[in-house]
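Structure first, then comments.
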There are 2 protein chains.
Amino acid sequence: MVNQEDPRVLRTRQLIRTAFRALLRRKGFDAITIKDIAQEATINRATFYAHFEDKYALLDEVTEQAFHEMIPERVADAQEFTDEICDQLILMTHQYIVDFYRICRMDSNSMAKLVDEKIKKMLQQTIESIFLKGGTHLGPDRHRIKIMAAMTGSAIYGAAHYWLNVEEKDRTDGLVDIVRPYVLNGLGLGV
Amino acid sequence: MVNQEDPRVLRTRQLIRTAFRALLRRKGFDAITIKDIAQEATINRATFYAHFEDKYALLDEVTEQAFHEMIPERVADAQEFTDEICDQLILMTHQYIVDFYRICRMDSNSMAKLVDEKIKKMLQQTIESIFLKGGTHLGPDRHRIKIMAAMTGSAIYGAAHYWLNVEEKDRTDGLVDIVRPYVLNGLGLGV
DNA sequence: AGGGAAAGGTTGCATAGGCAACACATTGTA
DNA sequence: TACAATGTGTTGCCTATGCAACCTTTCCCT
């Protein structure tokens, strides 16, 4: 395997990611071939396989990168799961989903499922890391913390996703007003 | 020497050019080192020398690239040296000079001289190529055509450069109104 | 069903680029 | 002046990428 810190490797991987994101804006995921990606990235097809097993692995990484680009600094650095952090997580998740469905042609079920799973996972990890940073009220039980993070992430994601089909979907304050109390009460942080 | 059509070479050279242009916006030419360029381009310093002899060669290429980016298509494709083409050459040259002096810190005499010479040369080549494409009224004498192109290019460049110090320098129509008749009359194309 | 085109992967070899070390030149400074 | 620091330019060795060739798998057309 290649050395992930070699500048050539960093550049090549970035080229591939950028090319893939550009392609997603004009083609469906299923219709994109490795050849397409290699051409768009101006790299050799064989080189692609030195970095990614297949386009699914690439999608995974791109999804993760996009998540990191969208997460507000205050959330990433948060020491505690406050109202404000909760709101930002809800809004960001909603925005992420909206962007993804608007920019990419979600004509592929396999892609939609992969992206959904990935975002949920990233969300859960983010929440868990916040729980762990602040000496949390949830107690020291690592298992319990993980489950609470999983539930919270899933709840936020599920609501944000559902909101796509709501009539007032532009009114994100409506979404926040419903989700925040639910999550905070569930965590025993209710006001 | 490296193969100029290898995709790696094309990418590397582009990285170097882009890095150099970025550096020129925040440092004087004399203050820019090869190390700076290599760092900005995320390439190795030794790699720089595989592509350019020194930063002067790079400046030459970047100047030429910028010229090609600015030249209007109608001028590049022109079959004849018409009034309109003449006007566009004047305006473009003026714009090029203005941009260069605005964007780059022209604190280096060596740089200013190199850039000036290069633009003049590009201008003369462009004009000569137009003369050669249209069965010109200048006759078949290649030598004569070259001199006419050199004079025309120098005249346009000189005027555009002088215009930097004119009070109404924003009024480029004033520049055009002076240069166009001069050049066209000189070429025996007067109206 | 069958057969050809296109995509997915893999491999060996040639070349470009990364890295570290070196000698030399230039500059700044005590 | 001297000497330390920084920049220039080069070299040898190693790794990543390009390229062409190859086989396999998938798809699609009749």
Side-chain angles (χ1 to χ4, degrees), chain A residues 1-24 26-62 104-105 107-111 113-114, chain B residues 1-24 26-62 65 104-105 107-111 114:
Chain A
M1 194 49 184
V2 296
N3 169 16
Q4 299 293 332
E5 298 185 5
D6 188 312
R8 291 171 291 185
V9 171
L10 296 175
R11 290 202 303 263
T12 299
R13 293 181 72 94
Q14 185 57 46
L15 278 174
I16 293 174
R17 283 192 298 261
T18 304
F20 185 61
R21 290 171 80 151
L23 281 173
L24 276 177
R26 51 179 199 267
K27 288 183 96 165
F29 176 74
D30 289 342
I32 296 176
T33 68
I34 309 298
K35 190 181 167 197
D36 290 337
I37 300 170
Q39 275 184 346
E40 178 82 16
T42 68
I43 60 140
N44 195 274
R45 197 165 57 89
T47 303
F48 176 90
Y49 291 105
H51 297 280
F52 298 96
E53 187 175 346
D54 50 33
K55 64 178 177 177
Y56 298 96
L58 173 57
L59 175 65
D60 188 88
E61 189 168 309
V62 164
C104 308
R105 305 168 173 239
D107 54 357
S108 154
N109 285 331
S110 62
M111 179 194 183
K113 181 164 163 48
L114 286 169
Chain B
M1 193 51 185
V2 296
N3 168 16
Q4 299 294 332
E5 299 184 6
D6 188 312
R8 291 171 291 186
V9 172
L10 296 175
R11 289 201 304 261
T12 298
R13 292 182 73 95
Q14 186 57 46
L15 278 174
I16 294 174
R17 284 192 297 260
T18 303
F20 186 60
R21 291 173 80 153
L23 282 172
L24 275 177
R26 52 178 197 265
K27 288 183 98 164
F29 176 74
D30 289 342
I32 295 175
T33 69
I34 309 296
K35 190 181 168 198
D36 290 336
I37 300 170
Q39 275 184 347
E40 178 82 16
T42 69
I43 59 141
N44 195 274
R45 198 166 57 86
T47 303
F48 176 91
Y49 291 104
H51 297 279
F52 298 95
E53 189 174 346
D54 50 34
K55 65 178 177 178
Y56 299 95
L58 173 57
L59 176 65
D60 189 86
E61 189 169 307
V62 163
Q65 187 192 32
C104 308
R105 303 167 173 242
D107 54 357
S108 154
N109 286 330
S110 62
M111 179 194 183
L114 287 169

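Hydrogens, waters and symmetry mates play no part in the numbers below; they use all other heavy atoms, side chains included. So you know, we letter chains A, B, ... as the sequences are listed, proteins then strands, and number each from 1.
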Item to check | All ring pair (Phe, Tyr, Trp, His ring centres under 6.0 Å) counterparts of A/F20, not counting sequence neighbours | outcome: none
Checklist entry - What's the CD1-P distance between B/I32 and D/dG7, to the nearest Å? => result 13 Å
Checklist entry - Rounding to a whole Å, what distance do you find between A/Q39:CD and C/dG8:P? => result 12 Å
Item to check | Nucleotide C/dG9, atom P - distance to CD1 of A/I34 in whole Å | outcome: 7 Å
Next on the checklist: Within the 3.5 Å criterion, strictly below it, is a donor on A/R17 or A/Q14 matched to an acceptor on the partner's side chain?
Outcome noted: yes
Checklist entry - Tell me: CD1 of A/I37 to P of C/dA6, nearest whole Å? => result 19 Å
Checklist entry - Which heavy-atom pair separates B/T12 from B/T47 by the least distance, and what is that distance? => result CG2-CG2, 3.9 Å
Checklist entry - Atom OH of B/Y49 and atom C1' of D/dT10: how far apart are they, to the nearest Å? => result 10 Å
Item to check | Pairing residues for B/Y49 by the ring pair (Phe, Tyr, Trp, His ring centres under 6.0 Å) criterion, not counting sequence neighbours | outcome: none
Item to check | Under 4.0 Å protein heavy-atom contacts per nucleotide of nucleotides 13-25 of chain C, with B for base, S for backbone only and - for none | outcome: --BBBSB------
Checklist entry - Between D/dG7 atom P and B/K55 atom NZ, what is the distance in whole Å? => result 11 Å
Next on the checklist: Testing the basics here: between A/K55 and A/I37, what is the closest heavy-atom pair and its distance to 0.1 Å?
Outcome noted: CB-CD1, 4.4 Å
Item to check | Considering all heavy atoms, the nearest A/H51-A/R13 contact | outcome: O-NH1, 3.3 Å
Checklist outcome for this item: Separation of C/dG8 atom C1' from A/L58 atom CG, nearest Å, is 15 Å
Next on the checklist: Rounded to whole Å, how long is the line connecting atom CD of A/E53 with atom C1' of C/dT10?
Outcome noted: 14 Å
